[in-house]
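See below for the structure under consideration.
Just so you know, these numbers use all the heavy atoms, side chains as well, and skip hydrogens, waters and symmetry mates.
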Amino acid sequence: MSSGSGETRARIGVIGGSGLYELAQLDGAREFRTQTPFGEPSDAFVVGRLSGIDVAFLARHGRGHARLPSEIPYRANIWAFKQIGVERLISVSAVGSMRETIRPRDLVVVDQFIDRSSRRADSFFGDGVAAHVSLADPTCEIARGHLVAAARAQSAIRTHEHGVYLCMDGPAFSTRAESRLYRSWEVDVIGMTNATEARLCREAEICYATLALVTDFDCWHVDEEDVSVSTLLAHLRANAEFASTLLLHAVPALAQATRDCACATALDDALLTPIAAIDPPSRRRLEPILERRLALPP
């Protein structure tokens, strides 16, 4: 780490999407910037205490929403979270609904992804190091369970405990034909970022869970107005307020939960290149990602 991170550590991370560019409830908040082998993250990290727990926050698109979905430095973001000790990462994301029963301002705690993105780097591996992680269950069930419980305790929002998230490149929204096709695949929500983060978190052995906050019906819904930025903004503001409140309740429970999920050891059955065969430049590039494996006896 560099540029003032010092001894900053946090086991819980939050990455905020459209509408959530800060966590105002963070006590003692301090910022730092850093460089990674994969470039500079989306923005400065903000670290403070939320409900008494050390939390690291990052605005996915940068404050001021300066980055399109395929311009986000996903690898730099996740690498930096891992470097400061984050074990569980909560994504707060705006999505479109693909179902009548999932309405604007509903919450979906996603458990599956269909990844249709193609214009972004989505793996730490390659360049001499081969690994193939399992994404059969791409989100952490322990983390998801605590988010669902926290949401259920709040009466202000309808919560859907499961959902399939289709990830597209963007930045344009879907055509009607695309939207109807995705509905035929039994997709629940659509967005532009989370599948990429889930892949990288699994490679980094970070538990990942998504709070998908619905802003609109995608354009398949002919009785609703087509997706527009003006439609989204009011829903974004309401969703961001709810997400901030939910995190106050979810973070303490998540911090106390035993981390005995498969996420924590995802590389044990994934890394094909023998540790001894990884060259020094690759070790330096992947140091936080491989830290646990490098510490194991040969």
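- Identified under the ring pair (Phe, Tyr, Trp, His ring centres under 6.0 Å) test for residues 94-120, with sequence neighbours left out: Phe113-Tyr165.
- The side chain to side chain donor-acceptor pair (under 3.5 Å) analysis of residues 88-97, with sequence neighbours excluded, yields the pairs Arg60-Ser91, Arg60-Ser93, Ser91-Ser93, Ser91-Asn194, Ser91-Tyr208, Ser93-Asn194.
- Residue Arg152 places its CZ atom among more than 12 non-hydrogen atoms of other residues, nucleotides or ligands, all under 6.0 Å distant.
- In this structure the side chain of Thr101 never reaches within 4.5 angstrom of the side chain of Asp106, judged on heavy atoms.
- Residues forming a salt bridge (Lys or Arg N to Asp or Glu O under 4.0 Å) with Arg63 (at least two apart in sequence, or on another chain): Glu31, Asp43.
- When all heavy atoms of Cys261 and Cys140 are compared, the closest pair comes out as SG-SG, 3.8 Å.
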Run the side-chain contact (heavy atoms from CB on, under 4.5 Å) check on Val46 and Glu22 step by step: do they pass? CA-CA 8 Å; Val46 181; Glu22 64 178 356; over 6 Å; no
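- Of the possible polar contacts, none joining the Glu161 side chain to the Val108 backbone as a donor-acceptor pair under 3.5 Å is found.
- Arg11 places no side-chain N or O within donor-acceptor distance of the main-chain N or O of Glu87, the cut-off being under 3.5 Å.
- Across all non-hydrogen atoms, the minimal contact from Pro252 to Leu248 is CD-O, 3.3 Å.
- One distance of note links CG of Leu147 with OG1 of Thr159; it measures 10.5 Å at 0.5 Å rounding.
- Taking the charged nitrogens against the carboxylate oxygens, Glu291 and Lys82 have no contact shorter than 4.0 Å, which rules out a salt bridge.
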Table please: side-chain donor-acceptor pairs of residues 186-193 below 3.5 Å, with sequence neighbours left out.
from   : atom 1 : to     : atom 2 : distance (Å)
Asp188 : OD1    : Arg99  : NE     : 2.4
Asp188 : OD2    : Val164 : N      : 2.7

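- Applying the ring pair (Phe, Tyr, Trp, His ring centres under 6.0 Å) test to pairs two or more places apart or on separate chains, none has a residue in residues 263-293.
- Here CG of Leu246 is found 8.0 Å from CD1 of Ile157. Values are rounded to the nearest 0.5 Å.
- Rounding to the nearest 0.5 Å gives a distance of 11.5 Å between CH2 of Trp79 and CD1 of Ile206.
- Between Trp220 and Phe217, the ring-plane angle classifies as perpendicular under the 30° and 60° cut-offs.
- Annotation: side-chain hydrogen bond (donor to acceptor under 3.5 Å, both in side chains) contacts of Thr175 (sequence neighbours excluded): Glu178.
- Here the closest heavy-atom approach between residue Ala212 and residue Val110 is recorded as CB-CG2, 3.8 Å.
- At distances below 3.5 Å, at least one donor-acceptor pair connects side-chain atoms of Asn239 with backbone N or O atoms of Val214.
- Ala240 approaches Gly19 most closely through the heavy-atom pair CB-O, 3.4 Å.
- For the pair Glu241/Arg237, no side-chain contact is recorded, criterion being any heavy-atom separation below 4.5 Å from C-beta on.
- No path of Ile, Leu, Val, Met, Phe, Trp and Tyr side chains, each step under 4.5 Å between heavy atoms, connects Leu58 with Leu247, placing them in separate hydrophobic clusters.
- Under a hydrophobic-cluster definition in which Ile, Leu, Val, Met, Phe, Trp and Tyr are linked whenever side-chain heavy atoms come within less than 4.5 Å, directly or via other members, Val92 and Ile15 are assigned to different clusters.
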Using atom types as modelled, flag every donor-acceptor pair under 3.5 Å from a side chain in residues 263-273 to any protein atom, sequence neighbours excluded.
from   : atom 1 : to     : atom 2 : distance (Å)
Asp268 : OD1    : Arg292 : NH1    : 3.3
Asp268 : OD1    : Arg292 : NH2    : 2.7
Thr273 : OG1    : Ala130 : N      : 2.8

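- For the residue pair Arg183 and Met98, the shortest heavy atom distance occurs at NH1-O, 2.6 Å.
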Would Tyr182 and Ser174 count as a side-chain contact (heavy atoms from CB on, under 4.5 Å) if you check the C-alpha gap in whole Å, the side-chain angles of each, and the deciding distance to 0.1 Å? CA-CA 10 Å; Tyr182 300 152; Ser174 306; 3.9 Å; yes
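- Residues Gln112 and Pro138 come closest through the heavy atom pair NE2-CD, 3.6 Å.
- Side chain of Asp111 to main chain of Gly163: a donor-acceptor pair is present (N/O by atom type, distance under 3.5 Å, no hydrogens or angles).
- Residues Phe57 and Leu50 form no side-chain contact, since every pair of their non-hydrogen atoms from C-beta on lies 4.5 Å or further apart.
- Applying the salt bridge (Lys or Arg N to Asp or Glu O under 4.0 Å) test to pairs two or more places apart or on separate chains, those with a residue in residues 124-143 are Glu141-Arg144.
- Side-chain atoms of Ile78 and Glu203, non-hydrogen and from C-beta on, never get closer than 4.5 Å to each other.
- Although no hydrogens or angles enter the test, the distance criterion places a donor-acceptor pair under 3.5 Å between the side chain of Arg202 and the main chain of Ser134.
- Here the side chains of Cys201 and Leu89 are in contact, with some heavy-atom distance below 4.5 Å.
- Atom CD of Gln154 has more than 12 neighbouring heavy atoms from other residues, nucleotides or ligands inside a 6.0 Å radius.
- Panel note: side chain Ser184, backbone Leu181; a donor-acceptor pair is recorded below 3.5 Å.
- Rounding to the nearest 0.5 Å gives a distance of 6.5 Å between CG of Asp115 and CG of Asp122.
- Of the inter-residue distances, the one linking Asp27 atom CG with Ile53 atom CD1 reads 11.5 Å to the nearest 0.5 angstrom.
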Evaluation steps, side-chain contact (heavy atoms from CB on, under 4.5 Å), between Asp54 and Arg9: CA-CA 8 Å; Asp54 289 328; Arg9 303 288 289 176; over 6 Å; no
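- Within the structure, ring pair (Phe, Tyr, Trp, His ring centres under 6.0 Å) pairs that include any residue of residues 116-157 comprise Phe38-Phe124 (at least two apart or interchain).
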For residues 68-75, tabulate all N or O donor-acceptor pairs below 3.5 Å that involve a side-chain atom, not counting sequence neighbours.
from  : atom 1 : to     : atom 2 : distance (Å)
Ser70 : OG     : Arg120 : NH2    : 3.2
Ser70 : OG     : Asp169 : OD1    : 3.3
Glu71 : OE1    : Leu68  : N      : 3.0
Tyr74 : OH     : Pro69  : O      : 2.7
Tyr74 : OH     : Arg120 : NH1    : 3.3
Arg75 : NH1    : Ser123 : O      : 3.4

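- Two residues are said to be in side-chain contact when any heavy atoms from C-beta on lie closer than 4.5 Å; Asp260 and Ile142 meet this criterion.
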Show me the side-chain donor-acceptor pairs of residues 278-286 shorter than 3.5 Å, one per line, residues at least two apart or across chains.
from   : atom 1 : to     : atom 2 : distance (Å)
Asp279 : OD1    : Ser282 : N      : 2.8
Asp279 : OD1    : Ser282 : OG     : 3.0
Asp279 : OD2    : Ser282 : OG     : 3.4
Ser282 : OG     : Arg285 : NH1    : 3.4
Arg283 : NE     : Ile278 : O      : 3.4
Arg283 : NH2    : Ile275 : O      : 3.0
Arg285 : NH2    : Gly126 : O      : 3.3

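- With hydrogens and angles left out, the side-chain atoms of Asp216 and His235 include no donor and acceptor closer than 3.5 Å.
- Here the straight-line distance linking atom CE of Met168 with atom CD1 of Ile114 works out to 13.5 Å at 0.5 Å rounding.
- For the side-chain hydrogen bond (donor to acceptor under 3.5 Å, both in side chains) test, no residue two or more places apart in sequence or in another chain qualifies with Arg30.
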Audit row: Leu254, Ile90, side-chain contact (heavy atoms from CB on, under 4.5 Å) steps and yes/no: CA-CA 10 Å; Leu254 195 54; Ile90 302 170; 3.8 Å; yes
